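The block underneath contains the structure these notes are about, expressed in structure tokens.
Computed from a predicted model, the values in this text were never measured in an experiment. Order of listing sets the numbers, starting from 1, for every ligand and every atom in it.
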Amino acid sequence: MTILPVIPISPDQPDAVSTRRRPSMPPRHLADLDLAGRQSAVASLGEPAFRAKQLSTHYFGRLVRDAAAMTDLPAASRDKLTADLLPTLLTPIREQACDDGATRKTLWRLHDGALVESVLMGYPDRVTACVSSQAGCGMACPFCATGQQGLTRNLSVAEIVDQVVYLAGVAASGAVTGSPPRLSRVVFMGMGEPLANYPRVIEAVRRLTSPAPEGLGLSQRHITVSTVGLVPAMRRLIAEQLSVTLALSLHAPDDDLRDELVPVNQRWKVAEVLDAAFEYAARTGRRVSIEYALIRDVNDQPWRADLLGRLLHGKLAHVNLIPLNPTPGSKWDASPKPVEREFVRRLRESGVSTTVRDTRGREIDGACGQLAAGELTEASAGGAAADAEVAQ
Ligand code: SAH
């Protein structure tokens, strides 16, 4: 297997060792709870139950995240409710924009010092949020910047939801040039492996798709969960009967190469993982998206296009080719355009619908697989143990 250099701790980082802390889950937030849960939380503070709806309407309906702006709440109640249900989960550290304001990346510091990123992408007909589900990632794909960091910890439900609510607020402000002022899609393609944080990601999906004021009211079909292929969790997802879109990061049609590019393949092989993806498609009627980062002279050979074509022929699947975004220190590069075109041609000739993804956000390191938070998190710098669980 190819081992790429680990991103070093920057020498100007304030003494990484002295700030070493065990990563920990954040305090509870209203987005962790469904409406009934919020009602009982409010009641246990001695507040009338209708305050739960009031808070929820501010947060999910009007995208107000700051309690100080909830001026219809009496000051005393507001302080109590804020302390208990609206702790600050995400502190923006840096915001960057490119593509004439159509792509924006936000770097967040979490309560324990861990860093994660979110990206907002505007198109003429829609605005999409790309969110993180974990701080770092434990899947170790050698071409992915986040994969080089290792896992710090899972994000809580509210840490995931709050990224989306924040980005929905940015979209609603009209700040995304040339796009409608409304966030309509969410992709779990930021940092982390969503299916390794299974229960929280599913709960976040429910919160994002429940109608306001319980949730954000997005359509399940407009949410994409992307996975390296944790087969037991994929099967569990089938049983949820959600209609979210499933994306499978395949990157190679053969086990020899996939074992290297997506190390979890050593546990669940190409045939098994495709089987689970096809079953998801059959059960939901929704086409699975097969993600394939084209890497020059690594996985872009005509015979691999043909093999992929044979595997996907006649299936409810779509191939999304991603020109590789080279990460710092990587010896790998994107495939040349003629090679990419030939790969597309062969897949289409096999009857497989294929598109090449646009590479938004490259100049702000906001493109696919480039989210690495720019530096190691305080918590992970010391190699602290993570309390993540791989869903079985
Ligand atoms: N862990 C999940 C989601 C996060 S990454 C997954 O692997 O699916 C979202 C997508 O970006 C995945 O398909 C991932 O393989 C791809 N990706 C990662 N690094 C990349 C890179 N350097 N260039 C292009 N795509 C990359």
Would you kindly specify which portion of [X] sits under 4.0 Å from ligand 1, judged on non-hydrogen atoms: side chain, backbone, both or neither?
X      : answer
Thr146 : neither
Ile322 : side chain
Glu291 : side chain

Counting only nitrogen or oxygen atoms and a 3.5 angstrom limit, does [X] reach ligand 1?
X      : value
Phe143 : yes
Glu193 : yes
Thr327 : no

(request) Classify the angle between the aromatic ring planes of Phe343 and Tyr292 as parallel (below 30°), tilted (30 to 60°) or perpendicular (above 60°). (result)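 Tilted: the ring planes of Phe343 and Tyr292 meet at 30° to 60°.
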(message) Would you call the rings of Trp108 and Tyr166 parallel, tilted or perpendicular, taking 30° and 60° as the class edges?
(response)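 Trp108 and Tyr166: perpendicular rings.
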(message) Let's go through Glu291 and Arg357 carefully: what are the C-alpha distance in whole Å and the side-chain angles of both, what is the deciding distance for salt bridge (Lys or Arg N to Asp or Glu O under 4.0 Å) to 0.1 Å, and is it a yes or a no?
(response) CA-CA 9 Å; Glu291 310 295 300; Arg357 185 185 292 176; 2.2 Å; yes
Need the ligand 1 atom indices (1-based, order shown) with element for anything under 4.0 Å from a heavy-atom of [X].
X      : answer
Cys144 : 18 (C), 19 (N)
His251 : 13 (O), 14 (C), 15 (O)
Phe188 : 3 (C)
Thr227 : 6 (C), 8 (O)

(message) Looking at non-hydrogen atoms alone, which of Ala247, Gly192, Ala334 comes nearest to atom 3 (C) of ligand 1?
(response)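 Among Ala247, Gly192, Ala334, the closest heavy atom to atom 3 (C) of ligand 1 comes from Gly192.
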(request) Closest by any non-hydrogen atom to atom 4 (C) of ligand 1: pick that one out of Gly147, Ser226, Gly190. (result)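 Minimum heavy-atom distance to atom 4 (C) of ligand 1 goes to Gly190.
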(message) Applying side chain to side chain donor-acceptor pair (under 3.5 Å), can you list everything that pairs with Gln301, at least two apart in sequence or on another chain?
(response) Arg304
(message) Is there a salt bridge (Lys or Arg N to Asp or Glu O under 4.0 Å) between Glu340 and Lys337? Walk through the geometry before answering.
(response) CA-CA 5 Å; Glu340 178 185 292; Lys337 285 292 158 193; 3.0 Å; yes
(request) Run the numbers on Arg38 and Ser56 for side-chain contact (heavy atoms from CB on, under 4.5 Å), then give the verdict. (result) CA-CA 9 Å; Arg38 286 169 223 161; Ser56 304; 2.9 Å; yes
(message) Assess the residue pair Glu95 and Arg104 against the criterion (salt bridge (Lys or Arg N to Asp or Glu O under 4.0 Å)); give the C-alpha distance rounded to whole Å, side-chain angles, the decisive distance to 0.1 Å, and a yes or no.
(response) CA-CA 7 Å; Glu95 303 229 65; Arg104 321 167 141 254; 5.5 Å; no
(request) Quickly, which of Arg109, Arg28, Arg153 forms a salt bridge (Lys or Arg N to Asp or Glu O under 4.0 Å) with Glu159? Name it, please. (result) Arg153
